[in-house]
Amino acid sequence: PYFGIGINYTNFFEEDADRELEEGLKSFNGGVTEKYSMDLDESWGVAFSAGTDYFITDNLLLNAAVWKINIQTDAEFKGKQSGTKVKADDVDIDPWVWMLGVGYKF
């Protein structure tokens, strides 16, 4: 088993506002629903990890791991037709990431 703590850097790309978010933003645009572009700032945060390796043979192993990642960012939404801008500060994402893997030791 292993445990760890580290620093996480997240850089978002190809962000999209979905239909549900666009519906929610229409109150900022006079009740009109339109398409929005979305921009999320990069994020630095703490990441925690825990896992274990189970050797099936001397070279082949199974791995199970979990990470808790702190991601805090600012978001900006911009109406594609009207140019209306809506900002959201301190958006917390904070995912749990689970992994099962197979490894080979050389």
Side-chain angles (χ1 to χ4, degrees):
Y2 57 88
F3 300 95
I5 185 170
I7 297 173
N8 172 64
Y9 170 75
T10 303
N11 183 25
F12 299 94
F13 54 94
E14 295 186 27
E15 308 96 45
D16 289 315
D18 65 9
R19 182 177 302 256
E20 185 178 358
L21 178 59
E22 290 170 345
E23 278 292 317
L25 290 171
K26 74 180 181 180
S27 64
F28 294 97
N29 194 25
V32 176
T33 302
E34 70 171 307
K35 297 287 184 190
Y36 281 83
S37 64
M38 182 171 64
D39 181 45
L40 299 170
D41 291 345
E42 62 187 12
S43 171
W44 289 90
V46 177
F48 301 94
S49 65
T52 189
D53 292 332
Y54 176 77
F55 281 86
I56 300 169
T57 68
D58 286 343
N59 298 90
L60 188 63
L61 64 97
L62 294 175
N63 172 263
V66 62
W67 296 271
K68 174 64 174 158
I69 304 171
N70 176 283
I71 300 173
Q72 185 173 358
T73 186
D74 295 333
E76 182 178 273
F77 310 96
K78 183 177 178 186
K80 292 184 178 181
Q81 291 83 22
S82 67
T84 301
K85 289 184 181 179
V86 179
K87 292 193 82 167
D89 295 329
D90 299 329
V91 177
D92 291 324
I93 300 172
D94 303 338
W96 283 93
V97 179
W98 300 85
M99 185 196 82
L100 293 174
V102 176
Y104 186 82
K105 182 179 167 186
F106 295 94

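Bear in mind the structure is a predicted one, so any value in this text is a computation, not a measurement.
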*Asks:* Side-chain donor-acceptor contacts of residues 49-70 below 3.5 Å, not counting sequence neighbours, with atom names and distances?
*Replies:*
residue, atom, partner, partner atom, Å
Asp53, OD1, Asn63, ND2, 2.5
Thr57, OG1, Asn59, N, 3.2
Thr57, OG1, Leu60, N, 2.9
Asn59, ND2, Lys105, O, 2.6
Asn63, ND2, Tyr2, OH, 3.2
Asn63, ND2, Thr52, O, 3.3
Lys68, NZ, Asp94, O, 2.7

*Asks:* Apart from Val46 itself, which Ile, Leu, Val, Met, Phe, Trp or Tyr residues share its cluster (side-chain heavy atoms under 4.5 Å, direct or through members)?
*Replies:* Ile5, Phe48
*Asks:* For Gln81, give me all partners under side-chain hydrogen bond (donor to acceptor under 3.5 Å, both in side chains), at least two apart in sequence or on another chain.
*Replies:* none
*Asks:* To the closest 0.5 Å, what do you measure between CG (Leu25) and NZ (Lys78)?
*Replies:* 14.5 Å
*Asks:* Could you tell me which residues satisfy salt bridge (Lys or Arg N to Asp or Glu O under 4.0 Å) with Lys35, sequence neighbours excluded, listed by chain and number?
*Replies:* Glu22
*Asks:* Test of understanding: with side-chain hydrogen bond (donor to acceptor under 3.5 Å, both in side chains), list the residues that count as partners of Asp90, not counting sequence neighbours.
*Replies:* Gln72
*Asks:* Test of understanding: with salt bridge (Lys or Arg N to Asp or Glu O under 4.0 Å), list the residues that count as partners of Glu20, not counting sequence neighbours.
*Replies:* none
*Asks:* Pairs in or reaching into residues 4-15: which pass side chain to side chain donor-acceptor pair (under 3.5 Å), with residues at least two apart or in two chains?
*Replies:* Asn8-Thr10, Tyr9-Glu42
*Asks:* Hey, could you give me each pair passing ring-ring contact (aromatic ring centres under 6.0 Å, His included) that has a residue in residues 77-99? Not counting sequence neighbours.
*Replies:* none
*Asks:* Measure the shortest side-chain to side-chain distance between Leu21 and Tyr36 over non-hydrogen atoms and say whether it is less than 4.5 angstrom.
*Replies:* no
*Asks:* Please tell me if the side chains of Ile93 and Pro95 come closer than 4.5 Å, counting only heavy atoms from C-beta onward.
*Replies:* yes
*Asks:* Report whether Trp44 and Val97 are members of the same hydrophobic cluster (ILVMFWY, side-chain heavy atoms less than 4.5 Å apart, transitive linking).
*Replies:* no
*Asks:* Rounded to the nearest 0.5 Å, what separation is found between the CD atom of Glu34 and the NZ atom of Lys80?
*Replies:* 10.0 Å
